[in-house]
**Q** 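I have a structure I would like to understand better, so I am pasting it below and will then ask my questions one at a time.
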Amino acid sequence: METTAARTAPAVIVAIDGPSGTGKSSTSKAVAAQLGLSYLDTGAQYRAITWWMVSNGIDVTDPSEIAAVAGKPDIVSGTNPSAPAITVDGTDVSGPIRTQEVTSKVSAVSAVPEVRARITELQRSIAKSAERGIVVEGRDIGTTVLPDADLKIFLTASPEARAARRSGELKGADLHTTREALLKRDAADSSRKTSPLAKADDAVEVDTSDLTLQQVIECVVTLVEEKRATK
Ligand SMILES: Nc1ncnc2c1ncn2[C@@H]1O[C@H](COP(=O)(O)OP(=O)(O)OP(=O)(O)O)[C@@H](O)[C@H]1O
Ligand SMILES: Nc1ccn([C@H]2C[C@H](O)[C@@H](COP(=O)(O)O)O2)c(=O)n1
């Protein structure tokens with residue numbers, strides 16, 4: 001619930017990065033809602049462009065084929081933390097971007113420099129137009145997209161904790177398979193040449209393995225409020 005103090009506070013830009021399943025989306029949405037900030041899920045944008053590539057028969061194993069069409073889809077992201085929305089060429093793709101097919105291909109598509117340049121530009125323009133500030137979550141927000149963010153958080157958690165969270169979400173999917181898939185995606189995202197998943201030198205690292213979601217939210221809200229008090 002947004003407070004009066006939040007409505008009158010100075011604008012603040014918060015970058016939240018980390019590997020898959022560390023709680024970035026859940027935390028970012030809740031913090032933004034509580035503090036009256038906009039919210040941007042940058043993973044959803046990479047998933048949306050991947051969905052478009054797959055739907056249009058692009059060979060996602062061929063970076064030059066991806067690069068040639070990276071500018072074609074029109075991706076529009078909503079920034080309401082209570083109702084995050086994403087469309088591609090006017091079609092709501094919030095469901096289709098979460099399929100296993102898109103999840104298995106998104107690391108390859110998001111590694112292509114032309115894709116990153118396009119999506120990074122979009123992200124910066126959304127952040128710039130957020131009057132009351134924004135929480136932007138992803139993999140390279142603190143290092144590349146918004147290096148001057150007021151606050152940078154890097155969430156981590158053990159592979160076991162992350163796999164348990166994900167298999168809970170996927171209605172009891174096999175823990176070992178889920179863990180291996182998470183680690184494979186992290187390895188691809190961390191080893192790409194252009195803006196890999198990485199902690200910014202000035203980011204605050206929060207290990208969420210043994211924290212409840214509510215504890216993580218409270219920790220980040222406190223960090224944002226402390227930062228706002230110095231602005
Ligand atoms: N601290 C926590 N304790 C227990 N469960 C959590 C915690 N944080 C998040 N979760 C749960 O873990 C799952 C993954 O969280 P979330 O989608 O926020 O992670 P993420 O880092 O955004 O992942 P991805 O990068 O893959 O999108 C969700 O079901 C969420 O409710
Ligand atoms: N800033 C970002 C955000 C996401 N990606 C890529 C890498 C992820 O595996 C994929 C999906 O993200 P998720 O929905 O799981 O948060 O998108 C990236 O490269 N940079």
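As a basis for the values below, the full set of heavy atoms in this structure was taken, side chains included, without hydrogen atoms, waters or symmetry mates. Remember, it's 1-based here, ligands and their atoms both numbered in the order they're listed. Computed from a prediction, not measured in an experiment: that's the story for all the values here.
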**Q** Between ligand 2 and Arg192, can you find any atom pair, the residue atom being a heavy atom, that is separated by under 4.0 Å?
**A** yes
**Q** Using a strict cut-off of 4.0 Å, indicate which atoms of ligand 1 neighbour a heavy atom of Leu211.
**A** 1 (N), 2 (C), 3 (N)
**Q** May I ask you to identify the nearest protein heavy atom to atom 13 (C) of ligand 1, giving residue, atom name and distance to one decimal place in Å?
**A** Glu169 OE2, 3.7 Å
**Q** Output every pair passing side-chain hydrogen bond (donor to acceptor under 3.5 Å, both in side chains) with a member in residues 58-70, not counting sequence neighbours, ordered by first then second residue.
**A** Asp59-Thr61, Asp62-Ser64
**Q** Only distances under 3.5 Å count here; give the side-chain donor-acceptor pairs of residues 69-86 to other protein atoms, sequence neighbours excluded, each with its distance to 0.1 Å.
**A**
residue, atom, partner, partner atom, Å
Ser77, OG, Gln45, NE2, 3.1
Asn80, OD1, Ser82, N, 2.8

**Q** Please confirm whether Gln123 comes under 4.0 Å of ligand 2, counting heavy atoms of the residue only.
**A** no
**Q** So, Ser129 side chain and Ile126 main chain: donor-acceptor pair closer than 3.5 Å or not?
**A** yes
**Q** Give the single entry among Ser195, Ser110, Gly142 that approaches atom 6 (C) of ligand 2 most closely by any heavy atom.
**A** Ser110
**Q** As a check for students: among Arg166, Lys24, Arg165, identify the option with a heavy atom nearest to atom 17 (O) of ligand 1.
**A** Arg166
**Q** Flag yes if more than 12 heavy atoms outside Asn56 fall under 6.0 Å of its CG atom; otherwise flag no.
**A** yes
**Q** For atom 16 (O) of ligand 2, what's the nearest protein heavy-atom neighbour? Residue, atom name and distance, please.
**A** Arg139 NH1, 3.0 Å
**Q** If you count the atoms of ligand 1 from 1 in the order shown, which ones are under 4.0 Å from a heavy atom of Arg185?
**A** 26 (O)
**Q** To check your reading of the model: name the closest protein heavy atom to atom 9 (C) of ligand 1, its residue, and the distance in Å.
**A** Gly23 CA, 3.7 Å
**Q** Between Asp41 and Arg139, does any side-chain N to carboxylate O distance fall below 4.0 Å?
**A** no
**Q** Between Leu182 and Ala163, what is the shortest heavy-atom contact and its length?
**A** CD1-N, 3.6 Å
**Q** Going by the atom numbers of ligand 1, which of them fall below 4.0 Å from some non-hydrogen atom of Arg139?
**A** 25 (O)
**Q** Among all protein non-hydrogen atoms, which one is nearest to atom 18 (O) of ligand 1, and what is the separation to 0.1 Å?
**A** Ser26 OG, 2.5 Å
**Q** Looking at Thr42, which atoms of ligand 2 are within less than 4.0 Å of one of its heavy atoms?
**A** 1 (N), 2 (C), 3 (C)
**Q** Which residue holds the protein heavy atom closest to atom 1 (N) of ligand 2, what is that atom called, and what is the gap in Å?
**A** Asp140 OD1, 2.8 Å
**Q** Quick check: Thr27 and ligand 1, any N/O pair under 3.5 Å apart?
**A** no
**Q** Relative to atom 12 (O) of ligand 2, which among Gly18, Pro19, Ala15, Gly43 owns the nearest non-hydrogen atom?
**A** Gly43
**Q** Is it true that atom CD of Glu180 has more than 12 heavy atoms of other residues, nucleotides or ligands lying nearer than 6.0 Å?
**A** yes
**Q** Charged N to carboxylate O below 4.0 Å: is that the case for Arg116 and Asp140?
**A** yes
**Q** Is it true that, when you exclude Lys231 itself, more than 12 heavy atoms of the residues, nucleotides or ligands shown sit nearer than 6.0 Å to its NZ?
**A** yes
**Q** Side chain or backbone, does Ser20 bring an N or O within less than 3.5 Å of an N or O on ligand 2?
**A** no
**Q** Test of understanding: clusters of I, L, V, M, F, W, Y form through side-chain heavy atoms closer than 4.5 Å, transitively. Do Phe154 and Tyr39 belong to the same one?
**A** no
**Q** Would the number of heavy atoms belonging to other residues, nucleotides or ligands and lying under 6.0 Å from CG of Asp201 be above 12?
**A** no
**Q** Return yes or no for this condition: an N or O of Ser25 is under 3.5 Å from an N or O of ligand 1.
**A** yes
**Q** Short list, please: which atoms of ligand 2 are under 4.0 Å from a heavy atom of Gly138?
**A** 1 (N), 3 (C)
**Q** Just to verify, which of Ile49, Thr120, Thr194 counts as forming a side-chain contact (heavy atoms from CB on, under 4.5 Å) with Val115?
**A** Ile49
**Q** Identify the protein heavy atom lying closest to atom 9 (O) of ligand 2, giving its residue, its atom name and the separation to 0.1 Å.
**A** Asp189 OD2, 2.7 Å
**Q** Which atom names give the shortest non-hydrogen contact between Arg179 and Pro159, and what distance separates them?
**A** NE-CB, 3.8 Å
**Q** Can you list the ligand 2 atoms lying under 4.0 Å from a non-hydrogen atom of Arg98?
**A** 14 (O)
**Q** Nearest heavy-atom pair of Ala149 and Ala15: which atoms, and what distance?
**A** CB-CB, 4.1 Å
**Q** Would you say Gly21 and ligand 1 have an N/O pair spaced under 3.5 Å apart?
**A** yes
**Q** So is Lys105 in contact with ligand 2, going by heavy-atom distances below 4.0 Å?
**A** no
**Q** For Pro19, take its heavy atoms, then give the atoms of ligand 1 lying under 4.0 Å from any of them.
**A** 21 (O)
